[in-house]
Amino acid sequence: MNPIVKAAPKTLLANGVEMPQLGLGTWPMNDAEAATAVASALRIGYRLIDTAENYGNERGVGEGMRKSGISRPEIFVTSKFNRQWHSLEGARTACEASLERLGLDYLDLLLIHWPNPDQDRYVEAFHGLQRLLDAGLVRAIGTSNFKPAHLQKLFDQGLTPHVNQIQLDPYHLRSDLVAIHEAKGIVTETWSPLGRGNQMLADPAITEVAQQHGRTAAQVVLRWHTQRGFIPTPKSADPVRQAQNLDIFDFTLTDAEMNTLNGLDRPDPTMFDADSFGH
Ligand code: A2P
């Protein structure tokens, strides 16, 4: 029997669509793992599920949704498409293919997965996303891994994503990017919110705050994301961890504790750079 946790509160996107404030990441799950993990997460109380063409698990995500017994309108599903679809027609083809794999007739959010500036066709891809929005195939549109210069090229054309999903955690604050999101009303969704390798979860600055609240380090970090206004998508296939990661909306970090975590930013030369990495 899965534990049941109260669903996350919701954030309003700029077009009025409601998005849950915490979701399940599904990379690097395969179809079978995703089917089990998504069904478990939805039964526990998750309502936001994050997948991508590139993860190769959209069929499993769709299966997990159907197995969960949770009705489609209650679930907010995000997918993302690869560089080969950066065109007006490509965005539509990519969307239809994701829908077919997921077994759905609309997506809640579709993102350009990486800007791929070498190809320089993400503005066209974004126009393609707008058409999908107008056609009702997606409820909201956005970008992933876009840096300030990539967003600026969209702004120059009068285009603004509803969401930019980026790698962000207390060790990677991305303050320049977050300031732009805030100025433009773009919601910051965060991938690897627990810091990928997990060493961050053993940082004494974080474990001390966790002890103060009788919570785990992961819960403190996820609460920090949501108090900053970010939407974290921690990945876990373990129902106990899934429940723990969602169960963060009944305690509050103090300003001093928030500042402690805000002070942990550090350079990371190994971080993916969207100017040179993408698919
Ligand atoms: P697992 O899938 O075995 O639970 P991120 O989303 O930041 O990339 O983090 C994913 C990693 O963090 C995975 O290795 C996941 O392992 C682990 N993880 C997820 N939730 C927790 C948790 N509550 N405590 C510790 N590790 C966690």
Side-chain angles (χ1 to χ4, degrees), residues 2-6 8 20-52 54-57 60-61 64 78-80 111 113-114 144-145 163-174 178 188-211 213-228 230-251 253 261 264-266 268 270-272 274 277:
N2 286 320
I4 309 264
V5 179
K6 204 161 160 252
Q21 285 175 16
L22 184 142
L24 181 76
T26 64
W27 188 84
M29 297 175 189
N30 63 25
D31 277 325
E33 290 163 339
T36 305
V38 166
S40 147
L42 289 170
R43 285 175 187 146
I44 285 168
Y46 283 70
R47 292 295 177 264
L48 166 61
I49 305 293
D50 185 82
T51 181
N54 207 61
Y55 301 171
N57 63 16
V61 168
T78 305
S79 196
K80 324 183 187 79
L111 308 175
H113 204 149
W114 289 89
S144 185
N145 302 301
V163 171
N164 189 26
Q165 185 189 108
I166 57 171
Q167 182 186 352
L168 188 156
D169 61 62
Y171 280 5
H172 306 86
L173 287 187
R174 318 288 303 272
V178 170
T188 304
E189 191 178 13
T190 56
W191 62 261
S192 282
L194 299 175
R196 300 187 81 206
N198 275 319
Q199 284 153 320
M200 194 183 71
L201 296 182
D203 188 317
I206 296 175
T207 55
E208 273 167 32
V209 175
Q211 258 175 2
H213 287 272
R215 298 285 175 148
T216 66
Q219 287 178 311
V220 163
V221 169
L222 294 169
R223 189 64 183 129
W224 170 85
H225 282 267
T226 62
Q227 283 186 221
R228 288 287 312 258
F230 308 148
I231 298 185
T233 58
K235 170 254 165 190
S236 181
D238 171 3
V240 173
R241 280 181 172 174
Q242 288 181 347
Q244 182 193 122
N245 292 349
L246 180 61
D247 192 12
I248 59 159
F249 294 100
D250 61 349
F251 75 104
L253 300 176
L261 269 71
L264 299 178
D265 197 19
R266 62 204 58 200
D268 176 6
T270 69
M271 194 176 152
F272 288 116
F277 179 85

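Everything quoted here is computed from the prediction, not taken from an experiment. First listed ligand is number 1; within each ligand, the first listed atom is number 1.
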Check step by step if side chain to side chain donor-acceptor pair (under 3.5 Å) holds for Thr226 and Arg223. CA-CA 5 Å; Thr226 62; Arg223 189 64 183 129; 2.8 Å; yes

Would you tell me which option among Gln244, Lys235, Gln219 has the nearest heavy-atom contact to atom 2 (O) of ligand 1? Lys235

Ranking Gln167, Arg241, Met29 by closest non-hydrogen atom to atom 25 (C) of ligand 1, top hit is Arg241

Would you mind telling me if ligand 1 is within reach of the side chain of Ala217, the backbone, both or neither, using heavy atoms under 4.0 Å? neither

Going by the 4.0 angstrom heavy-atom rule, the piece of Ala218 near ligand 1 is side chain

Keeping the roles fixed (side chain from Gln242, backbone from Ser236), state whether a donor-acceptor pair exists under 3.5 Å. yes

Do side-chain atoms of Arg47 reach the backbone of Ala8 as a donor and acceptor pair under 3.5 angstrom? no

Applying side chain to side chain donor-acceptor pair (under 3.5 Å), run through Trp27 and Asn54 and close with a yes or a no. CA-CA 9 Å; Trp27 188 84; Asn54 207 61; over 6 Å; no

Would you please classify the geometry between the Phe230 ring and the Trp224 ring as parallel, tilted or perpendicular, with 30° and 60° separating the classes? perpendicular

Parallel under 30°, tilted from 30 to 60°, perpendicular over 60°: which one fits the rings of Trp114 and Trp191? perpendicular

With the threshold set at under 4.0 angstrom, would you say Gly195 reaches ligand 1 through any of its heavy atoms? yes

May I ask whether Thr216 places a heavy atom under 4.0 Å from ligand 1? no

I'd like to check which ligand 1 atoms, numbered from 1 as shown, lie under 4.0 Å from a non-hydrogen atom of [X].
X      : value
Ser192 : 5 (P), 6 (O), 7 (O), 8 (O)
Ala237 : 2 (O)
Pro234 : 6 (O)
Pro193 : 6 (O), 7 (O)
Arg196 : 7 (O)

Polar-atom distance check: [X] versus ligand 1, any N or O pair below 3.5 Å?
X      : value
Leu201 : no
Leu194 : yes
Asp238 : no

What do the steps show when you test Asp169 against Ser192 for side chain to side chain donor-acceptor pair (under 3.5 Å), and what is the final call? CA-CA 7 Å; Asp169 61 62; Ser192 282; over 6 Å; no

Carefully, step by step, assess Asp50 and Lys80 under the rule salt bridge (Lys or Arg N to Asp or Glu O under 4.0 Å). CA-CA 9 Å; Asp50 185 82; Lys80 324 183 187 79; 2.6 Å; yes

On a heavy-atom basis, which atom in Asn145 and which in His113 lie closest, and how many Å separate them? ND2-O, 2.8 Å

